[in-house]
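Quantities reported herein were computed from a predicted structural model and do not represent experimental measurements. One is the number of the first residue; the rest follow in order along the sequence.
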Amino acid sequence: MADTAPGLEWIDREYFTRVLETYLHADVTVQRYELAAGCPGGQNFMSAIVRATVHYKLASADPLGRSESVSLIVKTKLANAELADGADQLNVFGIEKSVYGPVLKAVRELLTSFGDCTQFAPRFIYEDEHALVLEDLAVKGYRQPDRRARLDQPHMRLAVRKLAKFHAATAVLGRKNRDLFNVLASSNFASEGNPIHLFYANAIQHCIDQTEKVAELRQYTDGLRSFLEHAIAREAKSYESDEASFRVLNHGDMWLNNLLWKYDSDGTVADMLMVDYQESFYGSPAFDLSHLLYSSANSAIQHEGFEQLVQLYTDELRDALQQLKYDGPLPDLASVRAEMASKRDHALIVTTCIVPPLILENSALATPENMLGDHEEAVRAREEIFSNPKFIEILTILLPRLIPVG
C-alpha cells in the first residue's frame, strides 16, 4: 500500500509523531513508516483497516542512535465516499471510540478491583477526526484461524466464556452508572440510509433463489419470502429490549472475523480478544450469543452443540455476576433460552447474510460494492457467494431451526 493511497493523504510523519508522543508520553522523531492492508479484501464493511509499521527515535535515545519500531492498526473511513457517508450517519467511529475509551477503561477498573486482569480488546492508543489507532495484536501472537472451517469446540467454549464475562462486567457497570452507556443506549440499525439494509435485502433474495434450486430447501422458500418483506423492521426489533430486563453491552458484531486468538506452544487455544466495536449497543445479551453461535460455530456444533454452549454461557455469566457483586436478579437458563428465542429473526439474518462471505474461498469477492451493487459483475459475484456448496449445507442445518414449516 503506497504512503499516498487514496483516502490516506493525511497520513505522514507528523501524524505518526502525534500518535507516538501521545502513546509514549515522550518526544519522538519519526524516521519512516510503511503501510499495508490490515485485513483481506471483503472482510470489512464500515471502515478501512491499515497496518502501519513506524520507525522512530526517542529524544532520550542512547548515544549509539539506535531506532525503534512499533506496529499499529489504524482504522479510518472507507475510500468509497457513499459507504463512508453511510458509516458517518451511523456514528460508527463515535460508538467505537466510546467503547475503547471510557467503557473499556471502566470495565478494566471494575475487574482489577476484584483481582481479575482479563483483557477483552487491543490497547487503545490514539484517536482524532481521521482515525482510531490501536495496538497491533499480531505482534503479541494473536491471529485468526481458518475462517472457512469456522470454530470448533475449544474455540467456541473460550469465546462463550469470555463473552459471558464481558456481558457480566457491563451489566454491573450499567447498574452503577447508566450514563456510561448513553451513547450506546440504542442501535442505529434502523437509521435511514444505512447501507446494511440493501446488503441484507440482496443477501436474503439470493438465499431465496438457492432454496428454489435445491430440492431439500424448497420448503423454506415461502418463509424466506415472507421474512424478506419485513426483514429490516424485524431485524430492527432485535436490537430492542425491555429496560426492566437483564441488559448488557453487546459487542454487536460477534463473529469470527472480529475475534483474534492466541495459542500455546502445543497449539492449544489460550486466549481470545474482540475487535471492531463499531456496532456496540446496550440490550439483550442474546443478540451477541445468537450472532456468535449462528455465524461462527462449525457444522458439527450447529448440528447438536448449541444447547451445551447456551448452558455454558449461562453458568459463566452467573458466576461472573456473583464475583462482581451484581445487585440484581441473576439470569437463569430458562430466561437466557427465552431471550434467544426472541432473537430468532436476528439469527436468521446472521445465517442468510453474514455466513456466506465468511466461508467463501475467495473472500475478496464479498466487497461492499459487490454486496450492494446492481451491475452485472456484482450480481455474478453474489451468485457465486450464495451458491457455494458449503453454504447450502449450512442452510440445510440451520433453516429448520429458524423457519417453521407446515
Side-chain angles (χ1 to χ4, degrees), residues 150 156 159-160 163-164 167 186-187 189-190 196-197 199-201 203-208 210-211 216-242 245-248 250-256 279 281-299 301-314 317 331-356 358 391-406:
R150 292 168 291 148
M156 285 298 297
V160 163
L163 180 64
H167 282 172
S186 61
S187 165
F189 174 81
I196 293 290
H197 296 176
F199 172 19
Y200 286 177
I204 297 166
Q205 182 57 58
H206 279 277
C207 288
I208 292 170
Q210 295 306 315
T211 63
E216 191 176 355
L217 297 176
R218 281 183 196 138
Q219 59 188 318
Y220 305 109
T221 301
D222 289 345
L224 277 177
R225 282 195 186 124
S226 175
F227 180 66
L228 178 56
E229 290 179 12
H230 306 288
I232 302 307
R234 288 171 65 168
E235 172 67 346
K237 287 188 68 65
S238 298
Y239 290 86
E240 297 175 2
S241 61
D242 182 352
S245 65
F246 178 76
R247 300 201 299 165
V248 304
N250 281 272
H251 175 279
D253 197 11
M254 189 75 185
W255 70 312
L256 193 151
E279 299 178 51
F281 72 99
Y282 206 70
S284 167
F287 188 97
D288 268 354
L289 188 55
S290 293
H291 202 108
L292 175 65
L293 294 180
Y294 282 86
S295 70
S296 303
N298 66 19
S299 292
I301 294 172
Q302 290 181 339
H303 264 299
E304 54 186 24
F306 277 3
E307 280 303 311
Q308 296 94 315
L309 290 172
V310 172
Q311 177 72 68
L312 175 63
Y313 171 85
T314 305
L317 178 68
D332 58 16
L333 182 59
S335 64
V336 173
R337 282 175 172 166
E339 284 296 306
M340 292 287 286
S342 75
K343 304 306 174 191
R344 189 174 288 117
D345 284 344
H346 180 63
L348 185 53
I349 285 284
V350 170
T351 299
T352 54
C353 305
I354 306 299
V355 171
L358 173 67
F391 178 54
I392 301 303
E393 177 192 354
I394 290 169
L395 288 180
T396 65
I397 297 169
L398 296 181
L399 288 185
R401 290 176 172 267
L402 299 170
I403 299 179
V405 175

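Taking CZ from F199 and CD1 from I204, the interatomic distance works out to 10.0 Å, rounded to the nearest 0.5 Å. Atom-to-atom distance recorded for I394:CD1 and R150:CZ is 3.5 Å, nearest 0.5 angstrom. Atom CD of Q311 and atom CG of L333 lie 4.5 Å apart (nearest 0.5 Å). To the nearest 0.5 Å, atom CG of residue L228 and atom CD1 of residue I208 are 4.5 Å apart. A distance of 4.5 Å separates CD of E235 from CZ of F189, quoted to the nearest 0.5 Å. Here the CG-OG1 distance, from L289 to T314, works out to 7.5 Å after rounding to the nearest 0.5 Å.
For the residue pair S290/R344, the side-chain donor-acceptor check at 3.5 Å is not satisfied.
Residues A347 and L402 approach most closely at CB-CD2, 3.7 Å, considering heavy atoms. Of all the heavy atoms in Y313 and P285, the pair that sits closest is OH-CB, 3.1 Å. Among all heavy-atom pairs drawn from S295 and V355, the shortest one is CA-CG2, 3.8 Å.
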Show which side-chain atoms of residues 220-227 pair as donor or acceptor with protein atoms under 3.5 Å away, not counting sequence neighbours.
from : atom 1 : to   : atom 2 : distance (Å)
T221 : OG1    : T211 : OG1    : 2.8
T221 : OG1    : R218 : O      : 3.2
D222 : OD1    : R225 : NH1    : 3.4
R225 : NH2    : E212 : OE2    : 2.3

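Here the side chains of L399 and L348 are in contact, with some heavy-atom distance below 4.5 Å. L293 has its side chain within reach of M340: a pair of non-hydrogen atoms, C-beta onward, lies under 4.5 Å apart. When side chains are defined from C-beta on, F306 counts as touching I301, because their heavy atoms get closer than 4.5 Å.
In terms of the salt bridge (charged side-chain N to carboxylate O under 4.0 Å, His left out) criterion, residue partners of E240 (sequence neighbours excluded) are, by chain and number, K237. Taking E216 as the reference, V214, T396 meet the side chain to side chain contact (heavy atoms under 4.5 Å, CB included) condition, with sequence neighbours excluded. S187 pairs by the side-chain hydrogen bond (donor to acceptor under 3.5 Å, both in side chains) definition with nothing, not counting sequence neighbours. Every residue two or more places apart in sequence or in another chain was checked for a side-chain hydrogen bond (donor to acceptor under 3.5 Å, both in side chains) with Y294, and none qualifies. Residues forming a side chain to side chain contact (heavy atoms under 4.5 Å, CB included) with S245 (at least two apart in sequence, or on another chain): S241, D242, R247. For Q205, the side-chain hydrogen bond (donor to acceptor under 3.5 Å, both in side chains) partners are D209, not counting sequence neighbours. For Q219, the side chain to side chain contact (heavy atoms under 4.5 Å, CB included) test picks out V405, with sequence neighbours left out. For R234, the side-chain hydrogen bond (donor to acceptor under 3.5 Å, both in side chains) criterion is met by D345, not counting sequence neighbours. Every residue meeting the ring pair (Phe, Tyr, Trp, His ring centres under 6.0 Å) condition with F287, not counting sequence neighbours, appears here in chain and number order: Y239, F281, H346.
Note on residues 285-299: no pairs pass salt bridge (Lys or Arg N to Asp or Glu O under 4.0 Å), not counting sequence neighbours. For residues 332-343, the salt bridge (Lys or Arg N to Asp or Glu O under 4.0 Å) pairs, not counting sequence neighbours, are E307-R337.
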Passes side-chain contact (heavy atoms from CB on, under 4.5 Å), H251 versus H291? Steps please.
-> CA-CA 10 Å; H251 175 279; H291 202 108; over 6 Å; no
side-chain contact (heavy atoms from CB on, under 4.5 Å) between N250 and H167, worked out | CA-CA 7 Å; N250 281 272; H167 282 172; 4.2 Å; yes
